[in-house]
Structure formats: C-alpha cells, structure tokens
Amino acid sequence: MPKYIYTCRDRTGKKVEGIEEAGSHDELISRLQEKEWIIINISLDSNLATADTTSKSSSRRKHFSYTSEDLVLFCRQLATLLGAGVTILRSLEIISQQVTSVKLYNVIKALQHDMEAGLSFHEAMARHSAIFSELWVNLVESGEASGSLAMVLARLAGYLERNEAFKRKIVSALVYPVILLIACVSALMFLSMKIIPQFASLFKGFNIQLPLITQILITVSAAIKDYFVVTLFAGIFGVYLLRIYLSTHNGRKVFENFLFHLPQVGEFFKVLVVERFTSEMSTLVESGVPILFSLEIAEHSVNNITLGEIIHKIKDEVREGKPLSVPIEKSGFFDPMTVQMIAIGEEVGELSSMLKKLNVFYQDYVDTFLTRVTAMFEPILLMVIGVGAGFIIIGMFMPIFQISQIH
C-alpha cells in the first residue's frame, strides 16, 4: 500500500504534517476530512515517487531559461486547475511536471516550499520579482483576499495571452520589411565592394577622362572597401555607447520624447504605450484592484518613463479625490476620445469595460498602421534600390560608351 505525505491545519489552525498509508489519494483525503482538518497538500512518499517523477519531468524539460509563452501557459493552467477545485499546492505540483523550462520548474518548487512554510501565494510570488511582476503579485493578492483566485488568474491569463498575440502581430508585420531592407543594403554593398572596383581597374588601362558620376562611385567604393572594418567597429562601438546612454533615466526619457515627436510616426509610438496602459488598467480594475493601487502598478509596469511620470501625477490627483478623467485630460498626453470614454465609464460605473474597449481600439489602430506602412515600404524600398542600382550601372557604363566612340 503506498505511503502519502500530508500537510494540514487542525481546527485550531496548527500545522500538522505526517506520513500515512492509504489505498488511494482520495481515501486519505476522506480520513483527514473526518478529523475536520484543512488539507494543504498531499503527495506520494518521495522514496516511491521521486525517481519516476524526476525521470519524467527531466525528459520534458528542454531549456533552462523561460519565455513569456511559458508564463502565459503557467497562468492559464493554474487558473484552470483552481477553477476545477484542485488545491493550490496540488495544482503547482501538477504544473511542475509539465513545464519545459528548468528555471520555471525551480521557481514553482520554491513557491510550493514557501507556501508549505506558511506564506500566502502572493507573498511567495513576491520573492521572485524577476519573473512575477507587480501586476502578477497584486492581482493574486486581490484574488486571495476576495476568494476568487481562479477567476482573477483567468483574467490575468487572458491579459497575458492578448499581450503576447499583440506582440507577435507587431513582430510579424516588421519581419518582411526588415528582411527586404537587409537584402537591399547587402546588394548595394556587394556592388560597391566587388563590382565597382573591377570596373575601376579596367578604366585605369585607358587614358580617358572619367565622367563625374563614375569618379564619385569609384571614390565612394574605395572608401567603403578601405574603411569597411573600421566603420563596422566604429558602428558597433557607437551602438554600444548609445545603449549605455539609453539605459540611463535621462537618456531613455530623451529618446522617448524624440520618438513621440517624430513626424507621421510619433502618434504611433504614443498609441503603443497607451495601449499597454489601458490593457493593464482594464485587467486590474476588472479584477477588483482599487484604482489607486491599479495606477501604482501601471506606473511601474507600463515600461515607459514619460508615461510613468504622468501616471504618478494622475495618481496623486486621484488620491486627492478627483475623478480619473480629470488628471488624464490635464496631462495632455491622452487624446480626447480616451478622456471622454474614461469619464463615461466612471459616470456609469463601467470603467473596466470602457478601458477594455479603448484597448481594442488602440490594438486595431496599431494593426492598421503597420499594415499600411508595410504596404508602402516595399515599393518605396524597391524604388530606392532601383535608383541606386541604376546610378551605379550608368556610372560604370558611361566610360565604356566613351571608349567605344573613340575606337
């Protein structure tokens, strides 16, 4: 008969641990419930289960680090198991055997250990801030306090899934233009470093005055070929220095301000950060997190210094008793439609619903903008490469025409 390790709390709240033989997992649960104990966790004796479990789980785990998709799946699985009535520790045990990330597996095991030691779920998660953001911790705390953890986690999983789908949409829209740009630049570099020097060597054998366009091309080609390595390392070093500068508070703020004021595309970058703000706020408010705490979380997780500082000011005015729409309008960062919809949402008590509708609108805006830019980018880039290639061809063949006329 298998042995089970159990962790419970008796009627006085005292923690009780032990090992007991039972015909099945359910049989032991019935015995413990007869004693009016609250069951925290039940698992097979490690002497029986560890070897088999380790071999199975290690065969499934394939990579050490974790991805955002791993976290989304973890959240969705946890929400589903809790919604089905499975205890939190049992749910973590089941999920730990399914994850493919070694790091996430270790984190889940640490969560189990901390909860068995008496910590709540959100307190255990807060110890792993590199993986679980403030959004995770505060939503879980709200779910635990209201007794609706499964529902809150389901909303969080929905938010994470929408966010990942939105990111994939942006990346897929940018992949083709980037590949096309790299191909065009590579073609021009090949012509400049391989083809033009061969023509230049040929022209040296003729005593003729080269056209100005040919002289320019040969000079530029020689400069690229002679200083390519130096230019490449200078470019890499320049990018390195730029990254260091952008990692500072002032550098990042200057860069954000530059992006927001770019002609034609500045509005697009502003919409990107507002979309994230509305997405997080709708999830937080819908999950029952108070508006001030929601703003506090959004301030640190919106991943934009400019908007973070604006949210901080909005939070201070809301704390003074002002409606959310008033400081949002005062900031001048949000468009009138956002201000009006938030004001209506506050007035009718449907703030989370209005924020969700705004988020859908902004995602559609980004999708439409990227579709249009991608459609425009291809013909423009092809035209540029055509003009560049035509310029090179004309410059290289003009001296040949001169030579044929002389002879």
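Please read these numbers as outputs of a predicted model, since none were measured by experiment.
- More than 12 heavy atoms of other residues, nucleotides or ligands shown are found within 6.0 angstrom of NZ on K109.
- For the pair S96 (side chain) and Y105 (backbone), a donor-acceptor distance under 3.5 Å is absent.
- No side-chain donor-acceptor contact under 3.5 Å links N359 to the backbone of L355.
- Within the 6.0 Å centre-distance limit, the rings of F334 and F277 are counted as a close aromatic pair.
- In H300, the NE2 atom is crowded: over 12 heavy atoms of neighbouring residues, nucleotides or ligands sit closer than 6.0 Å.
- Between Y365 and E267, the closest side-chain pair of non-hydrogen atoms falls below 4.5 Å.
- The two residues V273 and L307 come nearest to each other via the heavy atoms O-CD2, 3.7 Å.
- The minimum heavy-atom distance between L82 and T87, with the atom names listed, is CD2-C, 4.2 Å.
- Here the closest heavy-atom approach between residue L246 and residue R252 is recorded as O-CB, 3.4 Å.
- In this structure, the side chains of L78 and I88 come closer than 4.5 Å at one or more pairs of heavy atoms.
- Closest approach of P399 and P211 over heavy atoms only: CG-CD, 3.8 Å.
- Side-chain contact between I310 and E299: absent, with no pair of heavy atoms (C-beta onward) separated by less than 4.5 Å.
- Here the CD1 atom belonging to I95 is positioned 11.5 Å from the CZ atom belonging to R90, to the nearest 0.5 angstrom.
- Atoms OG1 and CG, from T100 and L73 in turn, are 8.0 Å apart once rounded to the nearest 0.5 Å.
- For the pairing with I342, the side-chain contact (heavy atoms from CB on, under 4.5 Å) check across T278, I328, V326 returns one residue only, I328.
- Not a single donor-acceptor pair under 3.5 Å links the side chain of D364 to the backbone N or O of F361.
- Minimum heavy-atom separation, S142 to V289: CB-CG2, 3.9 Å.
- When side chains are defined from C-beta on, L149 counts as touching L153, because their heavy atoms get closer than 4.5 Å.
- Taking the side chain as every heavy atom from C-beta outward, Y159 and L139 never approach each other to under 4.5 Å.
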Worksheet item: Going through the checks in order, is the side chain to side chain contact (heavy atoms under 4.5 Å, CB included) test met by R127 and E123?
Response: CA-CA 7 Å; R127 291 188 167 189; E123 290 172 336; over 6 Å; no

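- Between the side chain of E309 and the backbone N or O of T306 there is no donor-acceptor pair closer than 3.5 Å.
- No hydrogens or angles considered: a donor-acceptor pair under 3.5 Å links the side chains of Q363 and E275.
- Of the candidates L217, I195, I213, L217 is the only one forming a side-chain contact (heavy atoms from CB on, under 4.5 Å) with M396.
- Between L160 and L71, the shortest heavy-atom distance links the atoms CD1-O, 4.5 Å.
- No hydrogens or angles considered: nothing links the side chains of T283 and E280 as a donor-acceptor pair under 3.5 Å.
- H249 NE2: more than 12 foreign heavy atoms inside a 6.0 Å radius.
- The 12-atom threshold is exceeded at CE of M193, counting heavy atoms of other residues, nucleotides or ligands nearer than 6.0 Å.
- Between F268 and F369, the ring center distance clears the sub-6.0 Å criterion.
- Between S148 atom OG and R155 atom CZ the span is 7.0 Å, to the nearest 0.5 Å.
- Within the 3.5 Å criterion, the main-chain N or O of S325 finds a donor-acceptor partner in the side chain of E346.
- Remark: the backbone N or O of L104 is paired with a side-chain donor or acceptor of S101 at under 3.5 angstrom.
- Distance alone, capped at 3.5 Å, is enough to place a donor-acceptor pair between the E256 side chain and the I305 backbone.
- You'll find the side chain of S294 reaches within 4.5 Å of the side chain of M281, heavy atoms only.
- L358 has its side chain within reach of M337: a pair of non-hydrogen atoms, C-beta onward, lies under 4.5 Å apart.
- A distance of 8.5 Å separates CD1 in I311 from CG in N304, rounded to the nearest 0.5 Å.
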Could you walk me through whether K330 and E317 pass the side chain to side chain contact (heavy atoms under 4.5 Å, CB included) test, one step at a time? CA-CA 10 Å; K330 183 180 175 182; E317 295 196 38; 3.5 Å; yes

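- Rounding to the nearest 0.5 angstrom, the gap separating the CE atom in M189 from the CD1 atom in I182 is 13.5 Å.
- With ring centers used as reference points, F74 lies 6.0 Å or more from Y66.
- Although no hydrogens or angles enter the test, the distance criterion places a donor-acceptor pair under 3.5 Å between the side chain of S201 and the main chain of P197.
- For CD of E329, the number of neighbouring non-hydrogen atoms (other residues, nucleotides, ligands) closer than 6.0 Å is 12 at most.
- Here the CE-CD distance, from M354 to E347, works out to 10.0 Å after rounding to the nearest 0.5 Å.
- Without hydrogens or angle criteria, T80 side chain to R76 main chain gives a donor-acceptor distance under 3.5 Å.
- Side chains of Y362 and T338: a donor on one and an acceptor on the other come within 3.5 Å.
- Side-chain contact between L241 and Y245 is absent, with no heavy atoms from C-beta onward closer than 4.5 Å.
- Using a 4.0 Å cut-off between charged nitrogen and carboxylate oxygen, D316 and R319 count as a salt-bridge pair.
- Between the side chain of E164 and the backbone N or O of S68 there is no donor-acceptor pair closer than 3.5 Å.
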